[in-house]
Every structure is written in structure tokens, then in C-alpha cells.
Amino acid sequence: MSQLTVEHIWSALEDVKDPEIPVVSLVEMGIVRDVWLEDDRAVVTITPTFVGCPALIPMREEITARIMQLGVSAVDVRTSLNPPWTTEWISESARAKLKSFGLAPPPHHTGTFDIALIEAAICPNCGATDTVLDSLFGATLCRSMYYCNACQQSFEQLKPL
């Protein structure tokens with residue numbers, strides 16, 4: 001245990017995938033906000049994408065299981081809602097993985113969401129911008145459904161938050 005560092009824990013958490021988007025880790029999504037050690041206990045702070053995120057319990061369980069493999073005696077996963085999660089915390093590597101998964105990454109923004117929601121989504125299948133919003137809600141609350149007129153495929157985009 002004396003050899004374990006915060007960096008080891010961060011590295012291990014790269015293996016913990018988002019339960020709803022298994023191609024990206026919770027670290028890449030910006031959900032894991034802080035990690036520290038208190039004696040032989042690891043403490044991890046996470047910020048879910050939504051207050052009522054249904055994946056919160058599986059995320060906590062996976063984080064705990066992965067860190068316990070490192071030999072700590074206990075893991076304390078804390079949830080923080082302040083500041084609220086934002087899509088600006090998604091890493092560039094995660095944005096590329098989302099696109100390859102068929103999920104359009106959210107547009108970057110400066111906190112002005114109305115303009116971001118009006119902009120056409122870029123189709124992750126063909127790269128076209130000739131897309132239309134089909135439904136504000138996709139498979140989860142954090143996604144919207146779009147239709148691409150160019151390749152005639154439906155796709156989801158993460159909502160900018």
C-alpha cells in the first residue's frame with residue numbers, strides 16, 4: 001500500500017468505462033473530478049452528467065472494484081454536484097471515440113446553450129451537416145436524436161451542457 005500513489009489510481013480509473021458509452025472512460029468524460037489518499041483509503045469524487053443519472057450506482061461499483069484491485073483497504077466514492085458537470089469536460093480523445101462509436105460529440109460552447117442547440121449536428125457516420133433534429137430525447141436524457149439527409153442515417157448527439 002505504501003507504494004500506491006494518486007497517479008496509480010488515476011491510471012486505474014482509465015479502465016473504468018462509462019456504463020452507457022463503453023468506448024470512453026469516466027476519466028475521459030470528465031466524470032471523475034478528484035482522487036486522493038487518506039491513509040490506506042482511496043477517495044474519489046465524481047460528478048454525474050445529470051443529477052438523476054441512472055448509471056450512478058454502476059459507476060460507483062466499478063470505481064470501487066477497480067481501485068480495490070490496487071490493494072487499498074477501502075474506497076470512498078463521493079458525489080459532487082457543484083460545479084455541475086459540463087460537456088466541456090469531455091476530453092478530445094473521448095470526442096473522437098464518441099464519433100467512432102456513432103454518437104456525435106456535443107459542440108463546444110462558452111455557456112450559451114441556445115445557439116449550440118440550434119446549430120446542425122455533424123453526422124458521425126458521413127460528416128455531413130445537412131442534419132435535422134428528430135427528437136430532443138434519445139436513448140438517455142443526455143442525448144438528442146438527429147437524422148442525416150446526406151447518408152439517410154439516424155444518430156444521437158450528446159446534448160451540450
Side-chain angles (χ1 to χ4, degrees), residues 6-7 9-36 43-64 66-67 76-161:
V6 168
E7 290 77 24
I9 296 171
W10 276 106
S11 180
L13 290 174
E14 286 286 349
D15 297 337
V16 179
K17 302 300 182 187
D18 184 315
E20 296 175 344
I21 313 169
V23 295
V24 293
S25 74
L26 297 180
V27 172
E28 291 175 302
M29 288 296 289
I31 292 169
V32 177
R33 301 306 303 156
D34 199 8
V35 173
W36 68 93
V43 182
V44 179
T45 301
I46 61 173
T47 299
T49 57
F50 280 93
V51 173
C53 178
L56 194 56
I57 292 171
M59 285 190 290
R60 286 175 185 234
E61 290 171 351
E62 286 297 316
I63 288 169
T64 300
R66 181 63 185 101
I67 296 174
D76 183 10
V77 181
R78 300 176 182 173
T79 302
S80 175
L81 302 176
N82 190 15
W85 183 84
T86 172
T87 53
E88 291 301 297
W89 293 350
I90 300 173
S91 71
E92 289 305 315
S93 65
R95 288 174 177 275
K97 290 176 183 178
L98 291 171
K99 184 177 177 185
S100 69
F101 187 64
L103 184 59
H108 284 287
H109 62 80
T110 59
T112 305
F113 305 107
D114 54 342
I115 294 173
L117 289 171
I118 294 170
E119 292 177 358
I122 298 172
C123 178
N125 303 305
C126 71
T129 56
D130 184 12
T131 61
V132 293
L133 178 65
D134 193 33
S135 172
L136 279 174
F137 298 100
T140 62
L141 291 174
C142 59
R143 303 181 198 178
S144 294
M145 290 295 304
Y146 283 82
Y147 179 79
C148 178
N149 290 314
C151 70
Q152 300 180 341
Q153 296 293 315
S154 293
F155 64 93
E156 291 180 301
Q157 178 185 46
L158 281 177
K159 294 176 183 175
L161 297 172

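For reference, positions follow the sequence shown, starting with 1.
- For P124 against F155, the heavy-atom pair with the smallest separation is CD-CD1, 3.3 Å.
- Taking the side chain as every heavy atom from C-beta outward, V32 and V44 approach each other to under 4.5 Å.
- The minimum heavy-atom distance linking G127 with I122 is given by the pair O-CG2, 3.7 Å.
- At a threshold of 4.5 Å between non-hydrogen side-chain atoms, the residues P19 and M59 count as touching.
- Considering only heavy atoms from C-beta on, C151 comes within 4.5 Å of C123 through its side chain.
- Taking the side-chain hydrogen bond (donor to acceptor under 3.5 Å, both in side chains) definition, one finds that E7 meets it with T5, sequence neighbours left out.
- Applying the side-chain hydrogen bond (donor to acceptor under 3.5 Å, both in side chains) criterion to S93, with sequence neighbours excluded, gives E28, S91.
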Handout entry: Worked check of side-chain contact (heavy atoms from CB on, under 4.5 Å) between Y147 and T131
Key = CA-CA 5 Å; Y147 179 79; T131 61; over 6 Å; no

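- By the salt bridge (charged side-chain N to carboxylate O under 4.0 Å, His left out) test, R95 is found to be paired with E92, residues two or more places apart in sequence or in another chain being considered.
- When the salt bridge (charged side-chain N to carboxylate O under 4.0 Å, His left out) test is applied to R66, the partners found at least two apart in sequence or on another chain are D15.
- Remark: N125 engages no residue in a side-chain hydrogen bond (donor to acceptor under 3.5 Å, both in side chains) (not counting sequence neighbours).
- Contact annotation: the side chain of Q157 never approaches that of P105 to less than 4.5 Å [non-hydrogen atoms, C-beta and beyond].
- For T79, the side chain to side chain contact (heavy atoms under 4.5 Å, CB included) test picks out I46, P48, L56, R60, L81, with sequence neighbours left out.
- Under the 4.5 Å side-chain criterion, counting only non-hydrogen atoms from C-beta, E20 is in contact with P54.
- In summary, of the residues considered (L158, T47, T87), a side-chain contact (heavy atoms from CB on, under 4.5 Å) with M29 occurs for L158 alone.
- Annotation: side-chain hydrogen bond (donor to acceptor under 3.5 Å, both in side chains) contacts of E14 (sequence neighbours excluded): S25.
- Shown here are the salt bridge (charged side-chain N to carboxylate O under 4.0 Å, His left out) partners of D76, two or more places apart in sequence or in another chain: R78.
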Exercise for the section: Give the intermediate values and the outcome of side-chain contact (heavy atoms from CB on, under 4.5 Å) for residues Y146 and S154. Expected result: CA-CA 6 Å; Y146 283 82; S154 293; over 6 Å; no

Handout entry: Full working for side-chain contact (heavy atoms from CB on, under 4.5 Å) between H109 and T86
Key = CA-CA 10 Å; H109 62 80; T86 172; 3.7 Å; yes

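- Listed by first and then second residue, the salt bridge (Lys or Arg N to Asp or Glu O under 4.0 Å) pairs that reach into residues 43-52 come to none, sequence neighbours excluded.
- Pairing each heavy atom of C126 with each of C148, the nearest pair is SG-SG, 3.6 Å.
- Annotation: salt bridge (Lys or Arg N to Asp or Glu O under 4.0 Å) contacts involving residues 139-154, sequence neighbours excluded, comprise R143-E156.
- Counting heavy atoms of neighbouring residues, nucleotides and ligands inside a 6.0 Å radius, atom NZ of K99 does not exceed 12 of them.
- Between the side chain of S100 and the backbone N or O of K97, at least one donor-acceptor pair lies under 3.5 Å.
- The two residues G30 and W89 make their nearest non-hydrogen contact at O-CE3, 3.4 Å.
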Practice task
Report the C-alpha distance between F50 and C142 in whole Å, list the side-chain angles of each, state the deciding distance to 0.1 Å, and finish with yes or no for side-chain contact (heavy atoms from CB on, under 4.5 Å).
Solution key: CA-CA 8 Å; F50 280 93; C142 59; 2.8 Å; yes

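- For the pair L98 and I21, the minimum side-chain heavy-atom distance is below 4.5 Å.
- When side chains are defined from C-beta on, I9 does not count as touching W36, because their heavy atoms never get closer than 4.5 Å.
- Take D134 and apply the salt bridge (charged side-chain N to carboxylate O under 4.0 Å, His left out) test, not counting sequence neighbours, and it matches no residue.
- At a threshold of 4.5 Å between non-hydrogen side-chain atoms, the residues L13 and L26 do not count as touching.
- Partners of T49 under the side chain to side chain contact (heavy atoms under 4.5 Å, CB included) rule, at least two apart in sequence or in another chain, are I31, C53, W85.
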